[in-house]
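Data first, discussion second: the structure below is written as structure tokens.
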Protein chains: 2
Amino acid sequence: MERVTADYYIETPYPLEKAAATLAGEQSSGTFVSVPGETEELKTRFAARVEAIEELDTVDRPSIPSEKLSFDSYRRAKVRVSWSIENFGYNLPTMVSTLQGNLYELTQFTGLKLMDIEVPDSFRSQYRGPAFGVEGCRKLTGAYDRPLIGTIIKPSVGLSPSDTADLVKVLVEAGIDFIKDDELLSSSANSPFAERVSAIMAVINEHAERTGKKIMYAFNVSDEMDQMMRNYDAVVEAGGTCAMISLNSVGLAGAKKICDLGQLAIHGHRNGWGMMNRHPLLGIEFPAYQKLWRLAGVDQIHVNGIANKFWESDDSVTRSMEACSKPLLGGYSVLPVVSSGQWGGQAFETYRRVPTVDLLYMAGGGIMAHPGGPSGGVKALQQAWLAAVGGQSLEEAAKAYPEFGASVEKFGGKLG
Amino acid sequence: MERVTADYYIETPYPLEKAAATLAGEQSSGTFVSVPGETEELKTRFAARVEAIEELDTVDRPSIPSEKLSFDSYRRAKVRVSWSIENFGYNLPTMVSTLQGNLYELTQFTGLKLMDIEVPDSFRSQYRGPAFGVEGCRKLTGAYDRPLIGTIIKPSVGLSPSDTADLVKVLVEAGIDFIKDDELLSSSANSPFAERVSAIMAVINEHAERTGKKIMYAFNVSDEMDQMMRNYDAVVEAGGTCAMISLNSVGLAGAKKICDLGQLAIHGHRNGWGMMNRHPLLGIEFPAYQKLWRLAGVDQIHVNGIANKFWESDDSVTRSMEACSKPLLGGYSVLPVVSSGQWGGQAFETYRRVPTVDLLYMAGGGIMAHPGGPSGGVKALQQAWLAAVGGQSLEEAAKAYPEFGASVEKFGGKLG
């Protein structure tokens with residue numbers, strides 16, 4: 001029988017075999033006294049199995065403080081556990097409850113993080129996955145052989161639909177591929193969702209008719225279920241190509257329902273992610289996280305960026321980008337969204353670490369505040385990537401391309 | 001204009017005013033360079049406001065390790081921030097993105113936890129909240145003036161529908177009020193959801209016709225959206241009164257959609273909660289968490305139990321129970337679900353800490369493994385609560401009530 005496998009990074013003061021067995025028991029049988037009906041046959045069929053334990057270092061204080069434990073040393077290890085697909089079938093929420101449920105509550109652990117998951121081949125026939133993925137997003141925007149260049153409307157909240165449409169007009173004419181709402185804005189007092197869609201799509205459609213290029217705008221449809229469906233329909237009706245969802249705030253069931261509609265590329269925003277990932281020994285790592293959302297059908301997912309303004313290290317960002325670039329069950333293509341404090345200067349290190357142009361490269365101030373205006377900003381980003389892919393250094397590119405040179409002069413200090 | 005308020009517990013090496021201003025800025029304006037269109041008027045209307053800062057202790061190492069910060073001391077504080085309701089309207093997912101979004105990513109903090117939230121009065125006209133609450137759950141089960149007594153089917157996964165129905169029959173005849181699926185079981189290879197509902201409801205309906213008492217069974221409907229709706233309908237059609245949702249795995253949009261249906265009491269399981277709460281300075285505290293789910297319409301919510309088998313302290317469980325007992329906007333009644341290693345002995349300390357009988361008191365092994373069988377187990381729990389409310393001590397109750405006395409003999413060691 002096919003099995004789903006999960007890799008955990010754990011910390012425990014107890015013998016590793018015993019702690020791992022507790023985890024497996026809690027997540028498949030789960031009681032402190034044996035009960036009638038729990039036969040050996042049932043246990044063999046439905047019990048979670050500890051597949052491997054790899055001992056790592058030992059530390060003298062727990063990673064997460066615990067009132068109920070006081071020991072001199074705490075062992076760390078990688079533990080692999082598997083479950084039969086018979087336990088939950090094809091049901092992503094219940095799979096999540098199995099892989100990420102009460103196990104975080106176990107007193108036996110002073111640290112526990114879900115690092116990666118493997119799902120069996122039969123998921124391919126149950127989950128369509130991203131309806132567009134990398135190739136679909138390229139087709140929708142007409143941007144090939146280079147990163148899609150994108151930006152975020154700022155200020156996050158406060159502009160009226162017509163203010164926003166004016167800004168979109170500037171950006172569209174500057175040659176951008178992609179624009180998105182901020183995750184803080186869905187429908188605000190002075191920017192009702194439907195009015196914003198209508199004002200923005202008028203600009204985008206007019207530009208598309210004139211030039212043949214339709215800019216992708218990710219409207220933040222995130223809302224309660226029925227309103228989210230209405231928001232989605234409004235985007236489709238206006239000729240839009242993309243909807244954004246705050247994945248963690250909307251949740252897996254709601255997000256998958258939206259992805260299943262299949263008419264718009266889905267831009268997955270991971271705000272709230274720090275809560276689940278920031279501690280090195282609590283929560284979930286991105287390689288596991290992104291697989292859940294690819295199965296649900298998200299086409300684009302945020303990975304932060306190199307030299308970003310947030311807490312995340314470049315190595316962690318690299319791992320996230322690599323995770324997106326690996327096929328899942330042979331496909332389920334997803335476009336990583338690189339953002340946070342980006343201005344083009346990071347293209348070189350980004351490409352050195354993950355040599356691909358299959359990404360959506362987002363800059364905010366890096367475009368809007370460029371000395372040559374937004375048009376100069378977009379050009380500078382395209383030049384940076386052309387140079388990075390061509391093997392030029394940042395310094396060489398700054399000399400070769402005037403717009404990128406101006407970026408280096410204005411934003412270069414931020415890379416120090 | 002009405003405002004939503006959030007209280008955070010933060011840790012930062014920077015001056016508190018500066019760190020708080022960064023949080024407020026990121027969650028309402030959010031860019032590193034000023035952009036055209038961001039007028040003072042817009043800022044005043046839409047900017048998040050730091051309402052109060054209360055400095056607490058200073059520590060010499062960060063609560064969450066940070067590669068990007070190296071300081072000698074880190075200040076802790078309570079910070080209150082508010083947003084105009086104009087920013088996101090009545091949209092729980094986008095409110096969550098605002099209160100719990102990118103702020104966890106900010107390098108400026110080495111710890112950040114959302115402690116509580118306050119929503120304005122107008123939410124009352126937008127959110128119906130729990131359709132049943134405490135009184136509704138009492139009416140559905142006919143259990144008044146004492147805690148509802150409940151149990152969980154174990155083993156969690158593996159029993160067939162008819163095995164489960166047999167167990168339900170024993171429990172129903174033992175005088176229980178409430179039974180639930182485990183969160184690991186929705187539909188398994190040998191217990192398809194619809195078949196389980198049908199087998200179990202046959203037992204419950206027969207008992208109800210005969211005795212007038214309908215036991216509440218919380219079927220775990222958690223699944224992807226369409227299947228979850230079908231699961232819900234199957235419970236309604238079979239005459240069931242309750243559906244269980246794994247709140248974190250299903251997510252806010254999906255869970256609210258199910259609550260909105262309003263025909264079944266919704267049992268909210270918080271598996272995955274440890275990931276969001278276990279670290280003292282990361283994530284969200286229960287007083288904030290439970291308000292979101294009450295607004296969404298959850299009727300029953302897990303709070304763990306006193307002397308539980310998990311990591312959580314009794315003080316934290318007490319705070320959670322107290323949070324449930326406080327009216328939200330004058331109502332939104334929710335039934336706290338007390339569970340984990342309970343057998344009746346904890347009734348005394350539970351009632352001493354939170355003197356109310358408005359709770360669902362769950363025991364697993366504590367009922368099934370009672371020396372007098374499940375019927376003795378249920379009686380023992382009722383006796384424990386009768387004695388606790390009547391001011392008797394555990395020792396007095398053990399002498400006064402034979403079934404509870406047998407519990408103390410069998411499980412008493414677990415209280416040491």
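Order of the sequence lines fixes the chain letters, A, B, ..., with proteins taken first and strands second; residue numbering starts at 1 for each chain.
Proximity to chain B (any heavy atom under 4.5 Å) is restricted, for A/R45, to the side chain, taken from C-beta onward. Only the side chain of A/M228 comes within contact range of chain B, judged by heavy atoms closer than 4.5 Å. In this structure, the portions of A/W273 lying under 4.5 Å from any heavy atom of chain B include both its backbone and its side chain. Contacts of A/N308 with chain B are made by both backbone and side-chain atoms, with heavy-atom separations under 4.5 Å. Heavy atoms of A/F310 lying under 4.5 Å from chain B belong to its backbone as well as its side chain. Contact of A/S187 with chain B is made through the backbone alone, with heavy-atom distances under 4.5 Å.
Judged by distance alone, the side chain of B/K68 and the main-chain N or O of A/K309 form no donor-acceptor pair under 3.5 Å. The backbone N or O of B/S313 lies less than 3.5 Å from no partner atom in the side chain of A/E67, so there is not a single donor-acceptor pair. A distance-only check finds no donor-acceptor pair linking the side chain of B/K257 to the backbone of A/E224 [under 3.5 Å]. A donor-acceptor pair is defined here as one N or O able to donate and one able to accept, closer than 3.5 Å; no such pair exists between the side chain of A/S188 and the backbone of B/N87. Looking only at distances, no side-chain donor or acceptor of A/S249 sits under 3.5 Å from a matching main-chain atom of B/V96. Between the side chain of B/E86 and the main chain of A/N190, no donor-acceptor pair closer than 3.5 Å is present.
Distance check, rounded to the nearest 0.5 Å: CZ of B/F88 to CG of A/D223 gives 12.0 Å. The CG atom of A/L184 sits 8.0 Å away from the CD atom of B/E26 when rounded to the nearest 0.5 Å. A distance of 9.5 Å separates OG1 of B/T94 from CD of A/E183, quoted to the nearest 0.5 Å. Interatomic distance, CE of A/M275 versus NZ of B/K113, reported as 10.5 Å (0.5 Å rounding). Separation of atoms CG (A/L252) and CG (B/N248) is listed at 11.5 Å; rounding is to 0.5 Å. Taking CZ from B/R278 and OG from A/S66, the interatomic distance works out to 6.0 Å, rounded to the nearest 0.5 Å.
Note on B/I152, B/L92, B/D260: by heavy-atom pairs under 4.5 Å with chain A, the leading option is B/L92. Note on A/V157, A/T110, A/I85: by heavy-atom pairs under 4.5 Å with chain B, the leading option is A/V157. For chain A, the option among B/L106, B/T98, B/L112 with the highest count of heavy-atom pairs below 4.5 Å is B/L106. Options B/S246, B/P93, B/S191, B/A189 differ in how many heavy-atom pairs under 4.5 Å they form with chain A, and the most are formed by B/P93. With respect to chain A, the highest number of heavy-atom pairs below 4.5 Å among B/G254, B/G251, B/G101, B/S97 belongs to B/S97. Per-residue heavy-atom pair counts under 4.5 Å with chain B were compared for A/V250, A/N304, A/L247, A/I284, and the maximum is reached by A/V250. Per-residue counts of heavy-atom pairs under 4.5 Å with chain B were compared for A/A255, A/A253, A/A296, A/S186; the largest is that of A/A253.
Using modelled atom types and a 3.5 Å distance limit, the side chains of B/N271 and A/N102 yield no donor-acceptor pair.
The closest side-chain heavy-atom distance from B/P280 to A/P65 is below 4.5 Å.
In terms of heavy atoms, A/W311 sits closest to B/Y104 at CD1-O, 4.0 Å.
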